[in-house]
*Asks:* 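I have a structure I would like to understand better, so I am pasting it below and will then ask my questions one at a time.
Computed from a predicted model, the values in this text were never measured in an experiment.
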Amino acid sequence: MVKVAFFTNDLKNIDAHFGSGEQFAVYDVDANGYSLHGVIPTGEERTEGRVEMLVNEHVDIMYCVEIGPAAAAKVVNGKIFPIKYRQVVNIEDELEKLTSMMATNPPPFIKKILEARA
């Protein structure tokens, strides 16, 4: 299982910037499916506080529509794999893709996460 965070304004889409999104939704994902773990409000936290929130939730992969290079480096240093989309992407579609990848042939970065959890 991996924990995935999506920065979202509407809880349906990856549609929020890492630095200005008001919340992120955390899902548990494995080869059999996914479930919502929780929705975490970011409040007034800036980069370090947001990274700490993700680390405290044991997030492995983080999705957002935009993230600056310095913030991305801090996310990576927190042992979280950041994925940035330039356009809005449906969370459920992304969860289905992740589930399918994990059931068939996970990419190397997911294999590494799974091995570290074993």
*Asks:* Considering only residues two or more places apart or on different chains, which pairs with a residue in residues 75-93 satisfy salt bridge (charged side-chain N to carboxylate O under 4.0 Å, His left out)?
*Replies:*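 Every salt bridge (charged side-chain N to carboxylate O under 4.0 Å, His left out) pair that includes a residue of residues 75-93, provided the two are not neighbours, is Glu66-Lys84, Glu66-Arg86.
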*Asks:* Could you name each residue pair satisfying salt bridge (charged side-chain N to carboxylate O under 4.0 Å, His left out) that touches residues 29-55, not counting sequence neighbours?
*Replies:*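 Salt bridge (charged side-chain N to carboxylate O under 4.0 Å, His left out) check on residues 29-55 returns Glu48-Lys74.
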*Asks:* Quick check for you: to the nearest 0.5 Å, what is the distance between His58 atom NE2 and His37 atom NE2?
*Replies:*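 Result: 8.0 Å between the selected atoms.
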*Asks:* Using the side chain to side chain contact (heavy atoms under 4.5 Å, CB included) definition, which of the options Val4, Ile91, Val29 pairs with Tyr34?
*Replies:*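 By the side chain to side chain contact (heavy atoms under 4.5 Å, CB included) criterion, Tyr34 pairs with just one of Val4, Ile91, Val29: Val29.
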*Asks:* Side chains of Met101 and Pro106, heavy atoms from C-beta outward: is any pair under 4.5 Å?
*Replies:*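 The answer is no, as the side chains (C-beta and beyond) never meet within the 4.5 Å cut-off.
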*Asks:* Transitively linked via ILVMFWY side-chain contacts under 4.5 Å: Ile67 with Phe81?
*Replies:*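 No; Phe81 is not reachable from Ile67 via cluster members.
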*Asks:* In terms of hydrophobic clustering (I, L, V, M, F, W, Y; side-chain heavy atoms under 4.5 Å; direct or indirect links), are Val59 and Val89 co-clustered?
*Replies:*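 No, Val59 does not connect to Val89 through the hydrophobic network.
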*Asks:* Could you walk me through whether Ile83 and Phe109 pass the side chain to side chain contact (heavy atoms under 4.5 Å, CB included) check?
*Replies:* CA-CA 12 Å; Ile83 297 177; Phe109 79 95; 4.2 Å; yes
*Asks:* Can you measure from CD1 (Ile14) to CE (Met62) and round to the nearest 0.5 angstrom?
*Replies:*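 Answer for the CD1-CE pair, Ile14 versus Met62, is 10.5 Å.
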*Asks:* Within the 4.5 Å heavy-atom criterion, are Phe18 and Leu54 side-chain neighbours or not?
*Replies:*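 In contact.
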*Asks:* Of all residues at least two apart in sequence or in a different chain, which pass the salt bridge (charged side-chain N to carboxylate O under 4.0 Å, His left out) check with Glu94?
*Replies:*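 Glu94 satisfies salt bridge (charged side-chain N to carboxylate O under 4.0 Å, His left out) with Lys97 once adjacent residues are dropped.
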*Asks:* Taking Ser100 for the side chain and Glu96 for the main chain, is one N or O donor matched with an acceptor at less than 3.5 Å?
*Replies:*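 No.
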*Asks:* Going by the salt bridge (charged side-chain N to carboxylate O under 4.0 Å, His left out) test, which pairs reach into residues 99-114, not counting sequence neighbours?
*Replies:*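 Passing the test, one end in residues 99-114: no pairs.
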*Asks:* What do the steps show when you test Thr8 against Tyr63 for side chain to side chain contact (heavy atoms under 4.5 Å, CB included), and what is the final call?
*Replies:* CA-CA 9 Å; Thr8 176; Tyr63 289 79; over 6 Å; no
*Asks:* Quick one: do Val26 and Val51 end up in the same hydrophobic cluster if we chain Ile, Leu, Val, Met, Phe, Trp and Tyr together by side-chain heavy atoms under 4.5 Å apart?
*Replies:*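 Looking at the clustering, Val51 is in the same group as Val26.
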*Asks:* Who pairs with Glu22 by side-chain contact (heavy atoms from CB on, under 4.5 Å), at least two apart in sequence or on another chain?
*Replies:*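 side-chain contact (heavy atoms from CB on, under 4.5 Å) list for Glu22, sorted by chain: empty.
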*Asks:* Does Phe24 reach the side chain of Met53, with side-chain heavy atoms less than 4.5 Å apart?
*Replies:*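 Touching, per the 4.5 Å side-chain cut-off.
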*Asks:* Please give me the minimum heavy-atom distance between Pro82 and Ala72, naming the atom from each residue.
*Replies:*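 Result for this residue pair: CG-O, 4.4 Å.
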*Asks:* Looking at side-chain heavy atoms only, is the closest gap between Gln23 and Leu11 below 4.5 Å?
*Replies:*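 A side-chain contact under 4.5 Å exists here.
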*Asks:* Would a single hydrophobic cluster contain both Met1 and Leu36, if residues Ile, Leu, Val, Met, Phe, Trp and Tyr are joined by side-chain heavy-atom contacts under 4.5 Å?
*Replies:*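 No, no single cluster joins them.
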*Asks:* Given Ile61 and Ile110, is the side chain to side chain contact (heavy atoms under 4.5 Å, CB included) satisfied, shown in steps?
*Replies:* CA-CA 9 Å; Ile61 305 167; Ile110 291 179; 4.2 Å; yes
*Asks:* Locate the shortest heavy-atom distance separating Ala31 from Thr99; write the atom from each residue and the value.
*Replies:*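 In terms of heavy atoms, the two residues are closest at O-CG2, 3.6 Å.
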*Asks:* Carefully, step by step, assess Val65 and Phe7 under the rule side chain to side chain contact (heavy atoms under 4.5 Å, CB included).
*Replies:* CA-CA 8 Å; Val65 291; Phe7 276 78; over 6 Å; no
*Asks:* Who are the salt bridge (charged side-chain N to carboxylate O under 4.0 Å, His left out) partners of Asp15, not counting sequence neighbours?
*Replies:*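 Applying salt bridge (charged side-chain N to carboxylate O under 4.0 Å, His left out) to Asp15 gives none.
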*Asks:* Linking I/L/V/M/F/W/Y whenever their side-chain heavy atoms sit closer than 4.5 Å, directly or via other members, would Val2 and Leu95 fall into one cluster?
*Replies:*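 Yes, one cluster joins them.
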